[in-house]
Amino acid sequence: MAFDWEDHKSYMTVKRQKLQDQLEDVEGDGKIFSGVTIYVNGYTKPDADTLKEIICKHGGGYSYALTSRVSHVIATNLPTAKIKALSINSSKVCHPDWILDSVNAGSLLPTEKYELYSVSSKSQRKISFSPTAKKEAGPEDPPTKKDRSFVDEFYSHSRLHHLSTWASELKEFTSKNLPRAKRKFSMLSSGESLRRFGVKGVVHLDLDSFFVSVGLRDRPGLHGQPVAVTHARNKEGEADTTEVVGVSLHQSMSDVASCSYEARDFGIRNGMSVGEAINLCPSLTFIPYEFEKYHAVSQTLYETVITYSHLVEPVSCDEVFIEFSDYVTSWEELGDIVKSLRSEIEEKTGCKVSAGFSHNLLLARLATRKAKPNGQFHLSEEEVEGYLKETPVASLPGIGRKMKEELSKMGVSNCGELREVSLPKLREVFGPKTGYTLYCFARGIDNRDLTTKKERKSISVEINYGMRFEQISEAESLLTQLSEELQSRALDTGVLGSSISLKLKIRQKTAPQETKKYLGHGRCDNISRSQQLHIPTNDSGDISRVAISLLKQLSPNPSDIRGMGIALNKLSSSVKGSPVKGGKMADIRTLMTSSPGKRSPASKRSLGSVLKSERGGEEGASVSVMREERVEYQNTAAGDGCTSFESAMLDLPPASQLDQSVLLALPSDLQEEVFDSYSKRQDKERVTLEPVSTEPSLANPLFPPSLSSLSNGNPERFLNETRTHIKAWVALYPAGPKERDSTIFIQFLISLIDLNALEIPRIPQYWGGSFFVKFFIL
DNA sequence: ATCCTCCCCTAC
DNA sequence: TAAGGTAGGGGAGGAT
Ligand SMILES: Nc1ccn([C@H]2C[C@H](O)[C@@H](COP(=O)(O)OP(=O)(O)OP(=O)(O)O)O2)c(=O)n1
Ligand SMILES: [Mg+2]
């Protein structure tokens, strides 16, 4: 066999990388973080253990308690009050990125940009405390493994969670940095470039057995062997690891996240269980996850890629599309660029990359399959037909287990056979869109343009592992934790949701209590229900209130719950002054008549400093301050619609819109009350009040008040507090509130209904018309 | 037609 | 033990 230059080269690269790592280690020892001792507060990314490992490796100290030794507190997200409390003993409170970036930079970076209370700090997330760990973590109460919440613990070990998180991050990174990235090549005119043929040059990059490749950087002895990344452990080719359970590994249901190509020769595949894998290859070696390393490699991959083209479409942490149409004159030239791109990435990350390229996204992707491992392949226009003919349909993106099965029933297993099926037939079986896509893909046709940024449509949190409840209250408590996690993510991404949905996995009747996978979900039915809001939110209190209400509606048997998730849908932006795409300034009429769940208009304002000053010093102050940072309510500041107050009361919410779900959740006597007030109302004449001036109303920061600032559970206090707010609000207007302003109040009441805040004061007279009237007779 | 809700499927 | 998340495309079937 001829000398394999590629292999030799990669061997050298790895060797170099290894040397470099060792050098870094030597340099790092006692260097970067000498004199630095950190204390990690709460849940961070990376987690406390990882940070400890990093800091110690680079000469710093780690403390389990906030002692005087501590020079820096590390936290990802903290309420302002807590930051102040933590920083009193002159230690700085910094984001973990300070540590990561310092390591990357090879020197101690100034903390300035990473201090949580500084203006430039990247995010201010609220920490999610679990019910069991919500005690203040003070100096005498260091965080331990034990008081980490289930949610945090789970996520820190979940590969799929990391995969999703990184994908989101990289999408954000790309859309933010792509426009201002310094590029290696300058664009050609469309007369010179590939475009002169009316053709695109699309490259698809994908790291080879990503997790394994990263793991093997530090385990050169395992190169060329069947290796898999998994949580299950026995040997590792490393001496000190205990050979725990030779036999039990055969039954392990732990997933293989990634396996080497040598392992694939045995039939092992990503996603397989360890038990299956070891049966296929008893000599398979398992190595552990190293999430932070994967993260760093992904980051480097994307930093590198965006210097090659202004057209980059992120796919995942190890996969990306790049369009070169404007940078090359021929496919040969593109091939050379791809070669250098691949070696640059391998040089920087120590991981091998394969690349496929062709004239559209589909074919570039298919070409990558042929290129792997550690190669590149150009699928030319002439080759397409022949190549596709033998390509199994399951290789087409979007065709998975189910559709492959479905096609197989039709006698179709490769693209050549798929071509024989008529378009109408495909549409009949798979629906209009899917049918058409199949028709095109079978022919190598793909007219999609590469998209560099896509607007997020939803944000969600879910756990379908380890869910075992006896009481419904336990499930509710978990929903509360998930709500906090969701709030935290919504804050980070700057979104508000107008729709909240709850998703449950419920054990199937015939499925056994004990799942095959330890604490897995087993065979389940999925059920979901959503609730529209009139005012978008990112508040965990709002979210959990709605989620729990939805849970009650779905009324599952607590012991059958195997998974739960919450999603925010119909998103709008919470960033001040940032216009929402497609958003219109809402006039009163629009607001009054809009269905719940509609996107919020561009015009927004925060509760702002007035709310803060109004209640500063009161017990609820810190809550409202936090809320102020989170939620910015939409306003009715602009527009000239004139709807009478009376008609507003009559029109909103239309009976058809009054959320059935909320209604049904009420005791039946309350339901009747509500129906009653609706039916009475229809008989009434519509009364129009004084015409209202069309000038913009006084900016009103008092309404609506923060729900979480009101006394839930105590009807009398609730009412009184709300009255206080109304009085303060009215007092703002020398000549009394304009009609339009009262609509804000109406909106507020509606939102109370949305959020089930009114479920708490279970007093019939608060409901229906009398409820509204009561507020106005102050 | 088009929209909405509740799914199912797919990909990493 | 094991860490089965998450976003998006799209279909079925009903309401408008
Ligand atoms: N079921 C899966 C599939 C993938 N991954 C993770 C581990 C993989 O390393 C990474 C990238 O997925 P790929 O599909 O790109 O697979 P690999 O990179 O491992 O192999 P290759 O791309 O060479 O086929 O995502 C996972 O955890 N579980
Ligand atoms: Mg890969």
Side-chain angles (χ1 to χ4, degrees), chain A residues 150-168 170-171 206-207 210-211 230-233 244-245 248-249 251-255 257-258 270-271 273-275 289 291 294 298 314-320 365 394 396-406 427 429-437 448 454-467 482 485-486 489 499 501-505 514-532 554 562-571 595-597 656 660-661:
Chain A
F150 168 77
V151 172
D152 292 345
E153 184 71 19
F154 171 75
Y155 278 137
S156 73
H157 290 98
S158 164
R159 76 187 200 280
L160 293 174
H161 165 72
H162 283 99
L163 242 37
S164 297
T165 309
W166 297 332
S168 301
L170 292 165
K171 272 168 199 168
D206 190 323
L207 302 198
F210 180 32
F211 287 8
T230 167
H231 283 301
R233 319 303 331 284
V244 202
V245 262
S248 82
L249 261 196
Q251 296 136 218
S252 170
M253 290 300 289
S254 180
D255 276 9
S258 176
N270 290 358
S273 76
V274 164
Y289 288 94
F291 290 124
Y294 311 149
S298 291
V315 177
S316 74
C317 63
D318 88 323
E319 197 179 336
V320 63
R365 183 165 224 154
L396 295 177
I399 300 190
R401 198 169 53 88
K402 293 289 186 178
M403 227 182 287
K404 181 192 159 149
E405 227 168 81
E406 197 67 27
R427 289 192 142 149
V429 177
F430 297 100
K433 294 246 200 171
T434 308
Y436 182 64
T437 303
R448 291 172 304 172
K454 279 189 217 144
E455 205 173 332
R456 179 191 276 274
K457 292 183 172 145
S458 70
I459 185 164
S460 64
V461 167
E462 81 189 83
I463 299 184
N464 300 307
Y465 174 84
M467 302 296 224
L482 287 179
E485 177 65 27
L486 188 50
R489 295 187 200 176
S499 168
S501 69
L502 177 74
K503 206 171 93 171
L504 299 181
K505 268 195 186 304
E514 198 84 16
T515 52
K516 267 206 265 166
K517 189 202 269 289
Y518 176 68
L519 292 180
H521 55 62
R523 264 171 43 227
C524 284
D525 293 318
N526 303 306
I527 52 178
S528 74
R529 181 165 295 205
S530 56
Q531 162 83 50
Q532 306 303 123
L554 295 173
R562 290 288 178 272
M564 308 180 62
I566 309 175
L568 249 33
N569 289 300
K570 308 193 181 170
L571 303 184
S595 326
S656 63
Q660 308 262 353
S661 51

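Keep in mind the model is a prediction, meaning the values are calculated, not measured. Basis for what follows: all heavy atoms, side chains included, without hydrogens, waters or symmetry-related copies. Each chain gets a letter, A, B and so on, in the order its sequence line appears, and its residues count up from 1.
- Picking from dT10(B), dA7(C), dC8(B) the nucleotide with the shortest atom distance to the side chain of Asn526(A) gives dC8(B).
- Contact annotation: Gln532(A) side-chain N/O to dT5(B) OP1/OP2 distance is under 4.0 Å.
- Residues Lys505(A) and Asn526(A) bring a donor and an acceptor atom of their side chains to less than 3.5 Å of each other.
- Within the 4.0 angstrom heavy-atom criterion, only backbone atoms of the sugar-phosphate kind lie near Gly431(A); the bases stay farther away.
- Considering every non-hydrogen atom in both Ala232(A) and Leu249(A), the closest pair reads CB-CD2, 3.9 Å.
- Ring to ring, His231(A) and Tyr289(A) are close: their centroids are under 6.0 angstrom apart.
- Taking only side-chain nitrogens and oxygens, Thr434(A) never comes nearer than 4.0 Å to OP1 or OP2 of dG9(C).
- Toward the 5′ end of DNA chain C lies the nearest nucleotide of Lys454(A), the other residue of the pair Lys454(A) and Val429(A) mapping further downstream.
- Between Gly520(A) and Arg562(A), the shortest heavy-atom contact is O-CD, 4.1 Å.
- Nucleic acid contact for Gly275(A): none, since no nucleic acid atom lies under 4.0 Å from a heavy atom of the residue.
- For Lys516(A) and dT1(C), the shortest distance from a side-chain N or O to OP1 or OP2 is not below 4.0 Å.
- Closest to the His161(A) side chain, of the nucleotides dG4(C), dT5(B), dT6(C), is dT6(C).
- Residue Ser164(A) is classed as a base contact, given a heavy-atom separation below 4.0 Å to a base.
- Closest contact between the side chain of Ser458(A) and the listed nucleotides dG9(C), dG5(C), dA7(C) involves dA7(C).
- Of the two residues near DNA chain C, Tyr465(A) and Pro432(A), the one whose nearest nucleotide lies more 5' is Tyr465(A).
- Nearest nucleotide to the Glu319(A) side chain, out of dC12(B), dG8(C), dA2(C): dC12(B).
- Stacking of the aromatic ring of His157(A) onto the base of dA2(C) is not found under the criterion of centres within 5.5 Å and planes under 30°.
- Contact annotation: Thr165(A) side-chain N/O to dG5(C) OP1/OP2 distance is not under 4.0 Å.
- For Glu462(A), the side-chain atoms get nearest to dT6(C) when compared with the rest of dC6(B), dT1(C), dT6(C).
- With distances taken from any side-chain atom of Lys503(A) to the nucleotides dT6(C), dA3(C), dC6(B), the minimum falls on dT6(C).
- In the set dA2(C), dC12(B), dG4(C), the nucleotide with an atom closest to the side chain of Tyr518(A) is dA2(C).
- Between Arg456(A) and dA7(C) there is a side-chain N or O to OP1 or OP2 distance below 4.0 Å.
- Atom CZ of Arg489(A) is separated from atom P of dG5(C) by 11 Å (rounded to the nearest Å).
- The side chain of Arg365(A) sits closest to dA11(B) out of dA7(C), dC6(B), dA11(B).
- Here the options are Tyr294(A), Tyr155(A), Phe211(A), Phe291(A), the test is ring-ring contact (aromatic ring centres under 6.0 Å, His included), and the partner is His162(A); only Phe291(A) passes.
- Here the nucleotide nearest the side chain of Lys402(A), chosen from dA7(C), dT10(B), dA2(C), is dT10(B).
- Between the CD1 atom of Ile459(A) and the P atom of dT6(C) there is a distance of 10 Å, rounded to whole Å.
- Residue Phe430(A) is classed as a sugar-phosphate contact, given heavy-atom separations below 4.0 Å to backbone atoms only.
- Residue-level contact check: Asp255(A) touches the backbone only, with heavy atoms under 4.0 Å from sugar-phosphate atoms and none from bases.
- Heavy atoms of Ser501(A) sit nowhere under 4.0 angstrom from any nucleic acid atom.
- The nucleotide whose nearest atom lies closest to any side-chain atom of Ser460(A) is, among dT5(B), dT6(C), dG5(C), dT6(C).
- If you check every strand for non-hydrogen atoms under 4.0 Å, Val461(A) touches sugar and phosphate atoms only.
- Side-chain N/O atoms of Ser530(A) and Ser499(A) include no donor and acceptor closer than 3.5 Å.
- Close to dT6(C), at under 4.0 Å from its OP1 or OP2, lies a side-chain N or O of Tyr155(A).
- Leu170(A) and Cys317(A) make their closest contact through CD1-CA, 3.6 Å (heavy atoms, listed as atom of the first residue, atom of the second, distance).
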